[in-house]
Amino acid sequence: MAIHDNIRLLSQRFWGLTRRERILLLAVAAALLVAVFFIIHLQIERKAQTIQRKITDKIQRLEQIEKLTGNYYLGQKRREYFENKLEKTIPGLTSHVEQAAAQANIEISSITPRADASIDENILERSVELTLTDVSLENLVAFLKACEIGPGIVFVKQLRMEPRPQNVLTCWITVATYSKKT
C-alpha cells in the first residue's frame, strides 16, 4: 500500500502549508495542466492537419489516375477502331469520290490521283486532288460527308473554297485514304 501511504503523506504536507502557499501551489498546478493540455492539443492538431493534407493529396492523385486510365482506355478504343479501319481498304479512291459526288448531285470538274506516300513503315496514304465548280454549300457538305463515310479510313485532307456569284463555290479538295502496307 505504498501508493496509499504516499497520497496520505502528500495530503498532510499540502494541508500543512499556509493558505497563500496552497493557492500558489494550486495555481502553478493548474497552469502546468493548461500548458500540457495546449501542447498536447497543438501536437494533435498538427498531426490532424498533416493527415488531412496527405488525404487530400492522395485523393487528387487518385483522381488523376482515374482520369489517366479513362483517357488510356479511350485512346485504346480509338486505336483499335482505327486499326480495324486500316484493315479495310477502299479498292479505288477515285471511284469512291465519284460515287460520293453522284450522291451529292455534284459534277467533278477535274480529278487527279497523287502518288502514294508512306506515312511510316506500316501505313500508306493514297490521295486524289479534285476541283469542283459552281457547287452550292449544301451539296458540298453532303459531298464531304459522303467522302468520309466508307469501309476504310478516308479523310478530306485539304479544302480550299472560293465564293462565286449566285451563292455557289469553286472548291479544290484533297481526299486521302490510309491503309496498311502489304
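Note: hydrogens, waters and symmetry copies are ignored here, and every other heavy atom, side chains too, is used. Numbers here are sequence positions counted from 1.
Hydrophobic clustering keeps V168 apart from V141 (ILVMFWY residues linked when any side-chain heavy atoms are closer than 4.5 Å, directly or through intermediates).
One finds the CG atom of N6 at 11.0 Å from the NE2 atom of H4 (value rounded to the nearest 0.5 Å). Going from atom CG of L42 over to atom CD1 of I44 covers 9.5 Å, rounded to the nearest 0.5 Å. Here the NZ-CG distance, from K67 to L74, works out to 12.5 Å after rounding to the nearest 0.5 Å. Rounding to the nearest 0.5 Å places CZ of F155 at 9.5 Å from OG1 of T177. Of the inter-residue distances, the one linking W172 atom CH2 with L132 atom CG reads 10.0 Å to the nearest 0.5 angstrom.
Taking 4.5 Å as the limit, some side-chain heavy atom of L140 sits within range of a side-chain heavy atom of M161.
For residues 32-54, no residue pair satisfies the side chain to side chain donor-acceptor pair (under 3.5 Å) rule, not counting sequence neighbours. Applying the salt bridge (Lys or Arg N to Asp or Glu O under 4.0 Å) test to pairs two or more places apart or on separate chains, those with a residue in residues 68-83 are R79-E83. Applying the salt bridge (Lys or Arg N to Asp or Glu O under 4.0 Å) rule to pairs touching residues 131-154 yields nothing, sequence neighbours excluded.
No donor-acceptor pair under 3.5 Å is formed between the side chain of S127 and the backbone N or O of V175.
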In a table with atom names and distances, give each donor-acceptor pair under 3.5 Å that connects a side chain of residues 96-122 to protein atoms at least two apart or in another chain.
from : atom 1 : to   : atom 2 : distance (Å)
H96  : NE2    : C147 : O      : 2.9
H96  : NE2    : I149 : O      : 3.4
S109 : OG     : T133 : OG1    : 2.9
S110 : OG     : T131 : OG1    : 3.2
R114 : NE     : E129 : OE2    : 3.4
D116 : OD2    : R126 : NE     : 3.4
S118 : OG     : D120 : O      : 2.9
S118 : OG     : K181 : NZ     : 2.4
D120 : OD1    : N122 : N      : 2.8
D120 : OD1    : I123 : N      : 2.9

Under 3.5 Å donor-acceptor pairs involving side-chain atoms of residues 14-39, not counting sequence neighbours:
from : atom 1 : to  : atom 2 : distance (Å)
T18  : OG1    : E21 : N      : 3.3
T18  : OG1    : E21 : OE1    : 3.4
E21  : OE1    : T18 : N      : 3.1
R22  : NH1    : L17 : O      : 3.4

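Taking the salt bridge (charged side-chain N to carboxylate O under 4.0 Å, His left out) definition, one finds that K157 meets it with E125, sequence neighbours left out.
More than 12 heavy atoms of other shown residues, nucleotides or ligands fall within 6.0 angstrom of atom CG in N71.
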